[in-house]
Structure formats: structure tokens, C-alpha cells
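Have a look at the structure below before the remarks.
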Amino acid sequence: MEGLGLLWTIVIGIAAGAIAGWLMKGTGFGIIMNLVIGLVGSLLGGWIYSLFGVTTGGILGSLLMSVIGAVVLLWIISLFRRRP
């Protein structure tokens with residue numbers, strides 16, 4: 001069953017990265033970058049949730065947490081990007 005957990009983590013990471021990309025930029029970043037953004041966003045979302053004492057359950061809860069973390073990650077990145 002551990003293989004399915006890893007598979008779900010990857011699927012949720014890709015979905016969260018894509019959703020966050022669409023929310024923050026209007027388009028996705030490609031499957032690899034969506035995966036990276038989603039996975040890092042998931043870690044960041046878990047940390048943010050733990051600060052507030054919020055827990056998640058199920059796939060939708062994990063997806064929401066990952067999307068929130070990925071949006072925060074993209075927002076932080078946008079603070080450091082130069083704009084012409």
C-alpha cells in the first residue's frame with residue numbers, strides 16, 4: 001500500500017502545482033515544475049496548517065493544503081523576482 005501513498009502524493013503534487021499556477025499566473029508551469037511546486041507547497045502548507053493547529057483528512061483535504069502552500073510559495077517567489 002505504500003506505493004499507492006507515493007502515487008497519490010505525486011498526483012496531488014501535480015494537481016496542486018497546476019492549480020496554484022493557474023491561480024497565480026493564469027497558466028501552469030509544465031508537469032515537472034507543477035510537481036515540484038506542488039510537493040514543496042505541500043510541505044509549506046503542512047507547516048502553515050500546523051502553526052494554526054489545523055488538520056486535514058482525505059485526498060481533498062491534502063489537495064487543499066497543498067494548493068494553499070503552493071500559492072504561498074509562488075507569492076513568496078514573486079516577491080523576489082525582478083519586474084522590468
Check whether Ile77 and Leu43 end up in the same hydrophobic cluster, where Ile, Leu, Val, Met, Phe, Trp and Tyr are linked by side-chain heavy atoms less than 4.5 Å apart. no
In the single-linkage hydrophobic clustering (I, L, V, M, F, W, Y; side-chain heavy atoms under 4.5 Å), do Leu64 and Leu23 co-cluster? yes
In Å and rounded to the nearest 0.5 Å, what is the CD1 to CE distance from Ile19 to Met24? 14.0 Å
Heavy-atom closest pair (Ile12 atom, Ser62 atom, distance to 0.1 Å) is CD1-CB, 4.0 Å
Common cluster, Leu60/Val54, ILVMFWY with side-chain heavy-atom separation under 4.5 Å: no
d(Leu63 CG, Ser42 OG) to nearest 0.5 Å is 9.5 Å
In this structure, CD1 of Ile68 is separated from CG of Leu44 (nearest 0.5 Å) by 10.5 Å
Any idea which heavy atoms bring Gly38 and Ser66 closest together, and the distance? O-CB, 4.3 Å
